[in-house]
Amino acid sequence: MSTVVDLGAGLVGHWPLTRDTLDHSSSGLPTRALDVALGVTGPGGQRATAAAFNGDTSHLEVADHPALHFGREDVSLCTWVHTDEPGCDSVGSILSKFDLDRRQGVQLYALTNDGVTSTATANSRQLSFGVDDGSEPAWTDCGRPGNATLVAALGVVDGALYAGSLEISAKASGRLWRYAGGQAWVDLGNPAGSNVVNSVTEFEGALYCAVGRYVCDGSVLGPTLNQIPGGRVFRVQPDG
């Protein structure tokens, strides 16, 4: 792993992690390394210009510095990360700086979520970035898409927000919706006619959705009235 941090005004930190674990930028940020191995053999038998982290206790701890007060100006982070085990569930944090008392900070990490019956957001090692400035959330009611009993999926593609819904009446089908601002949603339909659109995603610039049959039996929603099977994936054309 090799990391460079630039806060817009110039290079703030540079950790090549080849011969040592020091910051080689002009800032000379004090850095403490724990359980970091140098000079390991890289992928394919090549000599790695990086360090090895054990995925548990290994980390670099950089002393606080005015130059590292993220959020005051633009910031760029460049890092190279390689994992030996493709099936590894947790890669962990790449950069983490957080004040627990003030609830302020940033985190860059690789996130893995398993898909279960209540979510369609499974992913493997998805690069994620979070910012918290200690602010209180402000909620805005964006309306109800049609007669949705459940919004089963959300996705942003090409700057537009899409939602997949569940509808539970006998003749109704779950729909794909595009947010139109305020409390308005545009109905993009469901070619299969099943009761839920349970996945929305982007792939190579195109929008895809998957449809299913959500089984309501045994819940307060009552028996499943729309019996049309799902299990199909559709690509949505640019004209909707």
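All of these numbers come straight from a predicted model, not from anything done at the bench.
Considering CG of L176 and CG of L188, their distance stands at 4.5 Å, rounded to 0.5 Å. Atom CZ of F53 sits about 4.5 Å away from atom CG of L60, to the nearest 0.5 Å. Atoms OG and CG, from S173 and N195 in turn, are 9.0 Å apart once rounded to the nearest 0.5 Å. Rounding to the nearest 0.5 angstrom, the gap separating the CG atom in L127 from the CD1 atom in I94 is 5.5 Å. In this structure, NE2 on H59 lies 5.0 Å from CG on L34, to the nearest 0.5 angstrom. From L108, atom CG reaches atom CZ of F129 across 7.0 Å, with rounding to the nearest 0.5 Å.
Nearest heavy-atom pair across S128 and L111 is OG-CB, 3.7 Å. Smallest separation of non-hydrogen atoms from L29 and V12: CD1-O, 3.8 Å. The heavy-atom pair separating N226 from G193 by the smallest distance is ND2-O, 3.0 Å. When all heavy atoms of P191 and F234 are compared, the pair lying nearest together is CB-CE2, 3.6 Å. Considering all non-hydrogen atoms of both residues, A192 and I228 come closest at O-CG2, 3.4 Å. Listed here is the closest heavy atom pair of L154 and A163: CD2-CB, 3.7 Å.
There is no side-chain donor-acceptor pair under 3.5 Å between T21 and W15. At a cut-off of 3.5 Å, with distance as the only test, no side-chain donor of Q104 or D99 sits close to an acceptor on the other residue.
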- prompt: Does the pair D23 and S25 meet the rule for a side-chain hydrogen bond (donor to acceptor under 3.5 Å, both in side chains), with working shown?
  reply: CA-CA 6 Å; D23 170 26; S25 74; 3.0 Å; yes
Apply side-chain contact (heavy atoms from CB on, under 4.5 Å) to S93 and Q107, showing your working. CA-CA 7 Å; S93 294; Q107 187 176 29; 2.6 Å; yes
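Using a 4.5 Å cut-off on side-chain heavy atoms (C-beta onward), K97 and D64 make contact. Residues L77 and L95 form a side-chain contact, since some pair of their non-hydrogen atoms from C-beta on lies under 4.5 Å apart.
With sequence neighbours left out, the salt bridge (Lys or Arg N to Asp or Glu O under 4.0 Å) criterion links D20 to no other residue. In this structure, the salt bridge (Lys or Arg N to Asp or Glu O under 4.0 Å) partners of D132, at least two apart in sequence or on a different chain, are R103. Residues that satisfy the ring pair (Phe, Tyr, Trp, His ring centres under 6.0 Å) test with Y179, not counting sequence neighbours, are W185. Legend: residues meeting side chain to side chain contact (heavy atoms under 4.5 Å, CB included) with T57, ordered by chain and number and at least two apart, are D35, N54. Annotation: side chain to side chain donor-acceptor pair (under 3.5 Å) contacts of E167 (sequence neighbours excluded): none.
Between the S165 side chain and the V151 main chain, no donor and acceptor come within less than 3.5 Å of each other.
A salt bridge (Lys or Arg N to Asp or Glu O under 4.0 Å) check over residues 220-237, counting only residues at least two apart or in different chains, returns nothing. Applying the salt bridge (Lys or Arg N to Asp or Glu O under 4.0 Å) test to pairs two or more places apart or on separate chains, none has a residue in residues 135-155. Annotation: salt bridge (Lys or Arg N to Asp or Glu O under 4.0 Å) contacts involving residues 171-194, sequence neighbours excluded, comprise R175-D187.
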Name the atoms and distances for all side-chain donor-acceptor pairs under 3.5 Å in residues 216-223, with sequence neighbours left out.
{"unit_1": "D217", "atom_1": "OD1", "unit_2": "T224", "atom_2": "N", "d": "3.1"}
{"unit_1": "D217", "atom_1": "OD1", "unit_2": "T224", "atom_2": "OG1", "d": "2.6"}
{"unit_1": "S219", "atom_1": "OG", "unit_2": "C216", "atom_2": "O", "d": "2.7"}
{"unit_1": "S219", "atom_1": "OG", "unit_2": "L221", "atom_2": "N", "d": "3.1"}

Using distance only, find each side-chain donor-acceptor pair of residues 200-209 under 3.5 Å and give its atom names and separation, not counting sequence neighbours.
{"unit_1": "E202", "atom_1": "OE2", "unit_2": "E204", "atom_2": "N", "d": "3.3"}
{"unit_1": "E202", "atom_1": "OE2", "unit_2": "G205", "atom_2": "N", "d": "2.6"}

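Membership of an apolar cluster is not assigned to V215, as no side-chain contact below 4.5 Å to another ILVMFWY residue is traced. Grouped with F98 in one hydrophobic cluster are L100, the linkage being side-chain heavy-atom contacts under 4.5 Å among Ile, Leu, Val, Met, Phe, Trp and Tyr residues.
Both V236 and V186 sit in one connected hydrophobic cluster of ILVMFWY residues. Membership requires side-chain heavy atoms under 4.5 Å apart, directly or through other members.
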